[in-house]
Amino acid sequence: MKKYDFDQVINRKNTYSTQWDYIADRFGRNDILPFSISDTDFAVPDSVQEALKKRIEHPIYGYSRWNHDDYKDSIVYWFKTMNNVDINPEWIVYSPSVVFSIGTFIRMLSKPNETVATFTPMYDAFYKVIESNQRNLSPVRLGSAQQGYQVDWDSLETVLSQEQTKIFLLTNPHNPTGKVFSQTELNRINDICKRNNVFLISDDIHKDIVYSQTQYTPITSVTTESTILCCSGSKTFNTPGLIGSYILIPDKTLREQFLVELKSKNALSSVSILGMYAQMASYSEDGLNYVKQLVDYTDKNMDMVKEFLDKNLPNFRFTKPEATYLAWIDISNVDMDMKEMQDKMINVGKVGIMAGSTYGDSNYLRMNIACPKSKLEEGLKRLKNSFN
């Protein structure tokens, strides 16, 4: 098996990278070290690069199909080998992105001014896709990091029992906290949804980056009724620019309705060719090897963050997450408001770390640590220098 070099520093500037070439969009200046966008600074697996090179040698990029065994079987293989979970290939449907899928199902399963509930803090795109579709957002706040981001079951019951609540939007593992919902928790969430006739959408795009002895369980292992699971290899294998995701839709009628939305209403009958090839190549034996090493590397990066903060910035409290490559850093003990803190990081330390208020909690910072060790070391040094 190949040993992947995640220490390798690859210059991403001048590639139209959102993370590196458009830093000023988020932080107001371009001369800072960014830790914001949820992609990685790692090269893709060899299997992906080789598959793309081989496809590019064929000089025609016409309309192409995703609905074939090679595409679906790669997803079935991945869930079986990674999670020991059997997936029915008939459930699998292509979508250009997870958020496109979520937005489409929000429109399919609810009406304007009805309610979509979700845990907060939450991935910022969820807020936008709910509100831009003229649905009301009903947040259910998770507990603190020190409490293991516990679910407030009474609040969840209250919100989901409201007549206007039609959808519960879950992300598992959770972005930005990294919480992995246990099978017991998923059963309880599903029971509350079922009793209140609330449809459950689960975004599991971070499912492959899970640490320690934590066990990831897909929602489809809990129920196949009134639920879908949205996913993609793009976060794990750093291929979001190639476009492509998939949905597990157990209900045949709902699956056919989505295909009408995809093909007839949005004219998305053709797959992104390179995105499809990347998906199939990443969900492979080489991909398994890559993920094992990737998780080991980002786990060590998380250790580095904790050790550095404990030693140098003890008021920045950090609890290692169960999953994801996102460090969710508690700054509630820092005697400084977020505006002043961001000003110091950006203009003094020249480091770009996202304000937690973007995700619904101003007491935190969110830092993407999926990068070579040398970049992370420099970023932490700049963070310290911001406040000295």
| In terms of heavy-atom contacts, does NZ of Lys194 have more than 12 from other residues, nucleotides or ligands at under 6.0 Å? | no

Asn333, CG: over 12 other non-hydrogen atoms inside 6.0 angstrom: yes

For Asn312, the side chain to side chain donor-acceptor pair (under 3.5 Å) test, sequence neighbours excluded, returns Lys384

Exercise for review: Answer yes or no on whether Lys54 is positioned over the face of Tyr277, meaning its NZ or CZ is under 6.0 Å from the six-membered ring centre and within 45° of the axis.
Suggested key: no

Between [Y] and [X], is there a salt bridge with N-O shorter than 4.0 Å?
{"X": "Lys320", "Y": "Asp299", "value": "yes"}
{"X": "Lys252", "Y": "Glu90", "value": "no"}
{"X": "Arg12", "Y": "Asp39", "value": "yes"}
{"X": "Asp31", "Y": "Lys350", "value": "yes"}
{"X": "Glu377", "Y": "Lys381", "value": "no"}
{"X": "Lys2", "Y": "Asp286", "value": "no"}
{"X": "Asp296", "Y": "Lys300", "value": "yes"}

- Hydrophobic cluster membership, Val9 vs Ile32, 4.5 Å side-chain cutoff: no

Between [atom1] on residue [X] and [atom2] on residue [Y], distance to nearest 0.5 Å:
{"X": "Lys166", "Y": "Asn136", "atom1": "NZ", "atom2": "CG", "result": "12.0 Å"}
{"X": "Asp330", "Y": "Tyr364", "atom1": "CG", "atom2": "OH", "result": "4.0 Å"}
{"X": "Leu169", "Y": "Tyr127", "atom1": "CG", "atom2": "OH", "result": "10.5 Å"}

The single option from Arg26, Gln19, Arg366 that satisfies side chain to side chain donor-acceptor pair (under 3.5 Å) with Ser36 is Gln19

Q. Between Trp91 and Phe79, does a ring-ring contact (aromatic ring centres under 6.0 Å, His included) hold up when you go through it step by step?
A. CA-CA 13 Å; Trp91 297 350; Phe79 274 82; 9.5 Å; no

Aromatic centroids of Tyr290 and Tyr297 separated by under 6.0 Å: no

In this structure, is the centre-to-centre distance between the rings of Phe119 and Phe181 below 6.0 Å? yes

Practice problem: Show the numbers, then the answer: is there a side chain to side chain contact (heavy atoms under 4.5 Å, CB included) between Val291 and Val295? | Solution: CA-CA 6 Å; Val291 169; Val295 171; 4.0 Å; yes

Heavy atoms of Ile23 and Arg29 approach each other most closely as CG2-O, 3.5 Å

Review point. So Ser232 and Gln279, side chain to side chain contact (heavy atoms under 4.5 Å, CB included) or not? Walk me through it.
Key: CA-CA 8 Å; Ser232 173; Gln279 180 75 72; 4.1 Å; yes

